[in-house]
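Data first, discussion second: the structure below is written as structure tokens.
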2 protein chains.
Amino acid sequence: MTQNDLDSIIKALSNPARRDILAWLKSPEIEFPEQCSNYQYGVCVGQIFEKAGLSQSTVSSHLANLQRAGLVTSKRQGQWVYYQRNEQCIEAFADYLKQTL
Amino acid sequence: MTQNDLDSIIKALSNPARRDILAWLKSPEIEFPEQCSNYQYGVCVGQIFEKAGLSQSTVSSHLANLQRAGLVTSKRQGQWVYYQRNEQCIEAFADYLKQTL
DNA sequence: AAAGTATATCGAAATATCTCGATATGCAAA
DNA sequence: TTTGCATATCGAGATATTTCGATATACTTT
């Protein structure tokens with residue numbers, strides 16, 4: 001965990017909308033029951049967009065931000081892009097913080 | 001730990017200068033060997049200001065920010081104001097994050 | 001009381017972030 | 001290949017943050 005990683009992760013988490021999205025992705029079945037497909041690759045942008053109460057472009061931007069920080073991964077399936085939590089990164093960050101803060 | 005607490009703590013930590021200050025305060029004897037007085041109440045603003053490479057007003061503002069977030073406490077001793085880490089708050093935050101992130 | 005030192009607050013300029021609508025891109029269906 | 005849907009990117013306006021110098025406040029010393 002470099003200082004740069006830490007910086008982008010904390011900056012990503014400093015926004016409430018992004019924290020909400022990350023929290024929602026913990027329970028896709030509960031938070032996004034409307035999604036037709038299964039949750040193998042996570043949740044698609046449209047679902048998150050509808051729940052967030054923000055514009056589509058804003059949500060897309062937030063997701064890109066979370067992904068640059070390494071907190072989520074994405075996978076395109078046809079015309080949809082699915083996002084899911086990167087638990088490894090999230091746990092590593094929480095551990096690092098607990099240890100060094 | 002309310003959502004407001006979390007928000008102000010993460011926002012406080014999202015700035016590298018404030019993270020540096022908080023890290024320095026972990027080892028006052030090592031990081032601020034120049035301080036004349038003992039470290040009972042922490043480190044005084046002037047010491048932090050000299051180390052930070054930022055203006056006095058900026059450092060004072062960062063310290064106020066950390067204090068509003070609950071991450072440090074301050075105590076005036078004569079004309080000096082000493083800041084020290086609030087370990088209880090810091091640990092509670094790290095634990096909360098580890099649990100809920 | 002006056003002057004000096006330490007810290008906090010104020011006001012403003014520079015920079016970054018958030019948000020949106022418009023539009024581009026990638027893929028699917030007709 | 002044209003049309004339509006899902007997502008990403010662009011450009012711009014609004015807001016927030018960072019930083020500074022100037023000044024105010026708190027305290028000490030003379």
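Proteins get letters first, then strands, A, B, ... in listed order; numbering begins at 1 in each. Worth knowing before you read on, the calculation uses all heavy atoms, side chains too, and leaves out hydrogens, waters and symmetry mates.
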- Task: Begin from the C-alpha positions of B/K51 and B/D20 and carry the test salt bridge (Lys or Arg N to Asp or Glu O under 4.0 Å) through to its verdict.
- Result: CA-CA 10 Å; B/K51 193 178 174 89; B/D20 284 344; over 6 Å; no

### Message
Between A/M1 and A/I9, is the side chain to side chain contact (heavy atoms under 4.5 Å, CB included) condition met? List the steps.
### Response
CA-CA 10 Å; A/M1 173 91 48; A/I9 291 177; 4.2 Å; yes

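Atom CG of A/N15 is separated from atom P of D/dT15 by 16 Å (rounded to the nearest Å). B/R68 places its CZ atom 12 Å from the C1' atom of C/dA8, with the value rounded to the nearest Å. Between the CG atom of A/D7 and the P atom of D/dT18 there is a distance of 11 Å, given to the nearest Å. In this structure, NZ of B/K11 is placed 12 Å from C1' of D/dT15, rounded to the nearest angstrom. Rounded to an integer number of Å, the gap from B/N65 CG to D/dA16 P is 15 Å. Distance A/I10 CD1 to D/dT17 C1': 16 Å, rounded to the nearest Å. The separation between A/H62 atom NE2 and D/dT9 atom P is 15 Å, rounded to whole Å.
For the contact set between residues 19-58 of chain A and DNA chain D, defined by any heavy atom under 4.0 Å, the members are A/C44, A/V45, A/G46, A/Q56, A/S57. Annotation: proximity of residues 70-87 of chain B to DNA chain D (heavy atom, distance under 4.0 Å) is found for B/R76, B/G78, B/Q79, numbered in ascending order.
Residues B/W80 and B/V45 have side chains not in contact (no heavy-atom distance under 4.5 Å, counting atoms from C-beta outward).
In terms of heavy-atom proximity, B/A12 sits nearest to B/R18 at O-NE, 2.8 Å. For the pair A/T2 and A/D5, the tightest heavy-atom approach, listed with the atom from each and the gap, is OG1-N, 3.0 Å.
Both A/L6 and B/L101 are members of a single hydrophobic cluster when ILVMFWY side chains are connected at heavy-atom separations under 4.5 Å. Tracing side-chain contacts under 4.5 Å through hydrophobic residues (I, L, V, M, F, W, Y), one never reaches B/F49 starting from B/Y41; they form parts of separate clusters.
A side-chain donor-acceptor contact under 3.5 Å links B/R19 to the backbone of B/L13.
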